[in-house]
Amino acid sequence: MNYKKEQKFNKIKNYYSNQKINYNHYVSGITDKSKEVTKNNIFVAYKGYNNNGFDYIDEAIKNGAKTIISDDERILNLNNHSINYFYCIDAKLELARLLKIFYQEQRGKIILIGVTGTNAKTTICTLVYRYLKYINENIIYIGTNGVYTNEKTYKTHNTTLDIVNLYKCISFAANHNYKYIVMEVSSQGLKESRVKYVDFDIGLLSNITIDHLDYHKTFDDYFYTKVNFLYSCKIKIINGCCEKYREIVNSINDFNIITYGVISNDFNNQSNYYDYFASNLSLSLVESNFLLHIKKDCFKYYITTSLLGDYNISNILGMIAIIDNITNKTFLNNRIFSFLKNKIEIKGRFDVVKCTKGCFVIDFAHTPDGILKILSFLKSVTLGKLIVVLGMGGDRDRSKRAIVGEIVSRYADYFIVTSDNPRNEDNDLIICDILNGITSNYQKNVLIINDRKEAIEESYLLSSSNDVVAILGKGNEEEQIIKGIYYKFNDLDVLKKIIKKYQDDYYE
């Protein structure tokens, strides 16, 4: 018998000392999916959205499970001399506890970095991942765009992996000479215990603004779900420019918080407020320039970056705060400045296509705060008209549609209201919700084109050389979901085909 695995089972047994052990076996793995069970696994059965794991116990045993744990009281009536049946109050929490025990050795070898927030998770995580790879450090990225290792990219269904696959990823990293994992931590992932009892070495909170109220029901629930994540983090980093910063700090009651932020012209009143901050911003559609300050080192450096917009300068500060606190190694040196100056592409985040008809920007922005930030930047650097193409997702938070409608109509010279992913909603009703936010002052420049492809084509026809067209909401998504059917659709591909149709030339 493998001693380490036997020890793991002995620790696991301690949780259930008041229940009978029928079969003392070594533990080869733990899972909540009966089809993935292999010999000598523990199978944890809990009730999901559509299925009850209890109904799959027989399949799990057939595939080799020797211990079954469930919060369904019917398990108390099961009896098999070669199978352990354990009852618990909350099987999801038990799964998280057992995984933490089982993988504790591998977890100790990995520095785990988590980023949460309404916006900026993907950009900050990608910057951390790309920079550490740039300096030849082994790191895995988990997030919206998939799982990235040195060898492969894997698509994922959710931004935050389910807890079983997260621990498998940690185990893979520990066994294949990786030192770091950086991951996006979504509010839904937190609420559904996908990172329950997972200890993070560094946690960053980028911001909290209105979103996902279809899921969380109240803003308070959304707020505290995000904030509670920081309790599991040794090092806590917060964007000091977040409107809810003071409420966040008061909630977690921790004096060892690291802050970052972009400061305004009132330098003297803000310079002592942040550990990492940017001043003297100079922004364009070509590059961004700013002065980086690191308080603890009395450090200043003038940075030029290919990332555009003041919100991306904030994201760079978040990345720098993580890198500077990641280990005892000195990772912040001249290499970070050459890295930032290189062209940095993040899928679906400010993809730029230029042609004779102007500059086209494709971005995933779909929350009021994200849309406000990108449009305020684009308005400030646009010489001609600002044209916006945007719809809103169906079967999602309706409360933000009118807010988005008001923001876009205020900044756009032309606002083309279209579809996003209507899912099972009638897109005409979604458009009505958006239009409800538009005041009479801005209604004259609003066009309604239900078909997203036609809307993008109309934006091309409306534009001229000094104009900027923002195509927002879907980013690098490859499909459009209408009435449960997935249609192949990518904004960038559609745009390129339209440009080609009119015999125009483009470059990215």
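Starting from 1, each residue takes its place in the sequence as its number.
Ion pairing of Arg401 with Asp433 is present here, as a side-chain N (NZ or NE/NH1/NH2) and a carboxylate O approach within less than 4.0 Å. Electrostatic pairing of Lys62 and Glu59 does not count as a salt bridge here, judged by no charged N lying under 4.0 Å from a carboxylate O. Between Lys155 and Glu478, no side-chain nitrogen of the basic residue sits less than 4.0 Å from a carboxylate oxygen of the acidic one, so the salt-bridge criterion is not met. A salt bridge is defined here as a Lys NZ or Arg NE, NH1 or NH2 lying under 4.0 Å from an Asp or Glu carboxylate O, and Lys168 with Asp162 fails to meet this definition. Between Asp221 and Lys191 there is a salt bridge, with a side-chain nitrogen of the basic residue lying less than 4.0 Å from a carboxylate oxygen of the acidic one. A salt bridge links Asp72 to Arg74: at least one charged side-chain nitrogen sits closer than 4.0 Å to a carboxylate oxygen. A salt bridge links Lys474 to Glu477: at least one charged side-chain nitrogen sits closer than 4.0 Å to a carboxylate oxygen. Here Lys497 does not pair with Asp493 in a salt bridge; the nearest charged N to carboxylate O distance is not below 4.0 Å. The existence of a salt bridge linking Arg452 and Asp491 is confirmed by a sub-4.0 Å separation between a basic side-chain nitrogen and an acidic carboxylate oxygen.
Between His176 and Phe172, the ring-plane angle classifies as parallel under the 30° and 60° cut-offs. Ring-plane geometry between Phe200 and Phe229 is classed as perpendicular, the angle between the planes exceeding 60 degrees on a 0 to 90 degree scale with a lower cut at 30.
At distances below 3.5 Å, at least one donor-acceptor pair connects side-chain atoms of Asp413 with backbone N or O atoms of Leu386. Side chain of Ser459 to backbone of Ile456: a donor-acceptor contact under 3.5 angstrom is found. Between the side chain of Ser419 and the backbone N or O of Asn450, at least one donor-acceptor pair lies under 3.5 Å. For the pair Thr123 (side chain) and Ala120 (backbone), a donor-acceptor distance under 3.5 Å is absent. A donor-acceptor contact shorter than 3.5 Å links the side chain of Thr160 to the backbone of Glu184. Within the 3.5 Å criterion, the main-chain N or O of Glu247 finds a donor-acceptor partner in the side chain of Ser251. No donor-acceptor pair closer than 3.5 Å links the side chain of Ser70 to the backbone N or O of Phe54. Without hydrogens or angle criteria, Lys47 side chain to Asn52 main chain gives no donor-acceptor distance under 3.5 Å. A donor-acceptor distance shorter than 3.5 angstrom exists from the side chain of Ser306 to the backbone of Ile344, with no hydrogens or angles considered. Asp467 contributes a side-chain N or O that, together with a main-chain N or O of Ser464, makes up a donor-acceptor pair within less than 3.5 Å.
Checked by atom type, the side-chain pair Thr367/Asn119 shows a donor-acceptor distance below 3.5 Å. Counting only N and O atoms by type, the side chains of Glu243 and Thr209 include no donor and acceptor under 3.5 Å apart.
For Tyr215, the OH atom is densely surrounded, since the number of other residues' heavy atoms within 6.0 Å is greater than 12.
In this structure, Ser314 and Asn239 have side chains that are in contact, with non-hydrogen atoms separated by less than 4.5 Å. At a threshold of 4.5 Å between non-hydrogen side-chain atoms, the residues Lys100 and Arg107 do not count as touching. Ile257 places a side-chain heavy atom less than 4.5 Å from the side chain of Ile252. For the pair Ile30 and Tyr167, the minimum side-chain heavy-atom distance is 4.5 Å or more.
Cation-pi geometry between Lys379 and Tyr411 is not met at under 6.0 angstrom from the ring centre and within 45 degrees of the axis.
Here the CG-CD1 distance, from Asn445 to Ile416, works out to 11.0 Å after rounding to the nearest 0.5 Å.
With sequence neighbours left out, Asn41 forms a side-chain contact (heavy atoms from CB on, under 4.5 Å) with Ser28, Thr31, Val37, Thr38.
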